[in-house]
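Note that these values count all heavy atoms, side chains included, but never hydrogens, waters or copies made by symmetry. Residue numbers start from 1 in every chain, and the chains themselves are labelled A, B, ... in the order their sequence lines are given, proteins ahead of strands.
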There are 2 protein chains.
Amino acid sequence: MPTRSEEDHIKAVYSLLQEGDSAFTKDIAERLQNKASSVTVMLKKLAEKGFLKHEPYYGAKLTVKGRAFALQLVRRHRLWETFLVERLGFGWDEVHEVAEQLEHVKSEKLIDKLDAYLGKPHFDPHGDPIPDKKGVIRERKTRRLDSCAVGDHVRIAAVSGTTDGLLRLLDSKGLRIGTALMVQEVHPFDGSMDVKPKSGSAFSLSKDVSHHLQVEKGKP
Amino acid sequence: MPTRSEEDHIKAVYSLLQEGDSAFTKDIAERLQNKASSVTVMLKKLAEKGFLKHEPYYGAKLTVKGRAFALQLVRRHRLWETFLVERLGFGWDEVHEVAEQLEHVKSEKLIDKLDAYLGKPHFDPHGDPIPDKKGVIRERKTRRLDSCAVGDHVRIAAVSGTTDGLLRLLDSKGLRIGTALMVQEVHPFDGSMDVKPKSGSAFSLSKDVSHHLQVEKGKP
DNA sequence: CCTCATTATTAGACAAGACTAATCTATTTT
DNA sequence: AAAATAGATTAGTCTTGTCTAATAATGAGG
Ligand SMILES: [Mn+2]
Ligand SMILES: [Mn+2]
Ligand SMILES: [Mn+2]
Ligand SMILES: [Mn+2]
């Protein structure tokens, strides 16, 4: 059974591979707040244990076994986040660190029961998909808000790169998962965007923000 | 902030001091499934950190700081046990190991919210008191069932020394926290005891079992 | 009071996981 | 093509927590 540190490394590799097509030592180190040298050592160990392939100087890729393991870890993380927000009343900007700990509790039964208790949710409080017990993820077609054009009607599906500051900014503008928006104007100068929610008046979002909003097509 | 191992040692000392008036190296080691030599080293460290006084060869006693810390740990353990049984539907014989892990999650807010979510319970699924946020324990006057006499009417308040086997035995006889019993007969030969529940017919309990049942006076 | 069994402590080893410093590799810049 | 730079790896150190083996203290029985 992998240790907490091993688990965190596998998860970091998984999520970097989601974003790009390689997981480099430096980026893993940054995520985990470790030094690159520590990561190299860990990658070697995880490669020996069969969770990933480590191509020195060219990063790491997960094996089938490593991917399956990462999906279970992501499942645990997101189920706990859902519990914290839906049941305990945490804000969506407050759950990450706690879930980071809870995800390492070893008990299959615990996760099964938690999942059932929460009604087998498919998405976490940030709109990210929760893999099921077999590791299957419900796919959706989403695009980043900053790739939308004037006149598009969309619904916020997920917030990517969830830092607490971004989440609080969204809170303050009344934006949450499911919020319907219409793109009213795009300013080429700074990439900022004016959006109008279904109810209420339009306001502006910086490119920095719109880039982190994953949206689905919505009805006009 | 104490590590997981430090926390477990402090808790072991606390619970041994609840049972007797000293916590010896060997007994701590046994609880934690460690060797005595490892415990000695840890006691020295915890003494330096001010959690306890270690009198070599005469065991350990908690300081005020250590006791306060232990009470918070016990609080966390018992709140999680309550959650697992009341909300997730675990059996009372299945929660110990999981709570042993959950108790180490570091987040004061988590415990506050969990406590509120559960309705600020005063007792865990085994009838053990849950210290409040200040570490205050609601005291009750209980006695062991094996110290009761023929004709006594009692109510089961708690199960002490909760091993899974004992809990399952109680389950099978329909005994749980709150069950009312009348002591019908005590057999001096083996210390066994015949008890009659309010509804249903009498049955026998070995001394081994009755010794672990904490009871309160009940109405005839 | 002496002996001995039990318990505790110390000393030394080891594994895990982190670090720093030194070295090496790949890639970009000149 | 050589040099510079960013990134990665290796080697060596440290801390934590565990162990085993050797030694020491305590308390009970003779
Ligand atoms: Mn984690
Ligand atoms: Mn999330
Ligand atoms: Mn524990
Ligand atoms: Mn309990």
**Request:** Treat primed atoms plus P, OP1 and OP2 as sugar-phosphate and everything else as base, then score nucleotides 16-28 of chain D 5' to 3': B for base contact with protein heavy atoms under 4.0 Å, S for sugar-phosphate contact only, - for none.
**Result:** -SSBBB---SSS-

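- A nucleotide of DNA chain C counts as in contact with chain B when one of its atoms lies under 4.0 Å from a heavy atom; the first and last such, 5' to 3', are C:dT7 to C:dT10.
- In summary, A:Arg143 and A:Asp152 engage in a salt bridge, as defined by a charged side-chain N under 4.0 Å from a carboxylate O.
- The salt bridge (charged side-chain N to carboxylate O under 4.0 Å, His left out) contacts involving residues 88-102 of chain B comprise A:Lys109-B:Glu94, B:Lys11-B:Glu100, B:Asp93-B:Arg168, where partners must be two or more places apart or lie in separate chains.
- One atom, CG of A:Leu16, and another, C1' of D:dA8, lie 16 Å apart when rounded to the nearest Å.
- A side chain to side chain donor-acceptor pair (under 3.5 Å) check over residues 69-92 of chain A, counting only residues at least two apart or in different chains, returns the pairs A:Glu7-A:Arg76, A:Arg75-A:Asp115, A:His77-A:Glu81, A:His77-A:His96, A:His77-A:Glu103, A:Glu81-A:His96, A:Glu81-A:His126, A:Trp92-A:Asp171.
- Shown here are the side chain to side chain contact (heavy atoms under 4.5 Å, CB included) partners of B:His187, two or more places apart in sequence or in another chain: B:Glu185, B:Asp190, B:Ser192, B:Asp194.
- Counted by atom type alone, B:His104 and B:Asp8 present one or more donor-acceptor pairs between their side chains at under 3.5 Å.
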Side-chain donor-acceptor distances from residues 34-50 of chain B under 3.5 Å, at least two apart:
| unit_1 | atom_1 | unit_2 | atom_2 | d |
| --- | --- | --- | --- | --- |
| B:Thr40 | OG1 | B:Ala36 | O | 3.2 |
| B:Lys45 | NZ | B:Glu6 | OE2 | 3.0 |
| B:Lys49 | NZ | B:Glu6 | OE2 | 2.9 |

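- Pairing each heavy atom of A:Gly66 with each of A:Ile10, the nearest pair is O-CG2, 3.8 Å.
- No donor-acceptor pair under 3.5 Å is formed between the side chain of B:Thr162 and the backbone N or O of B:Val159.
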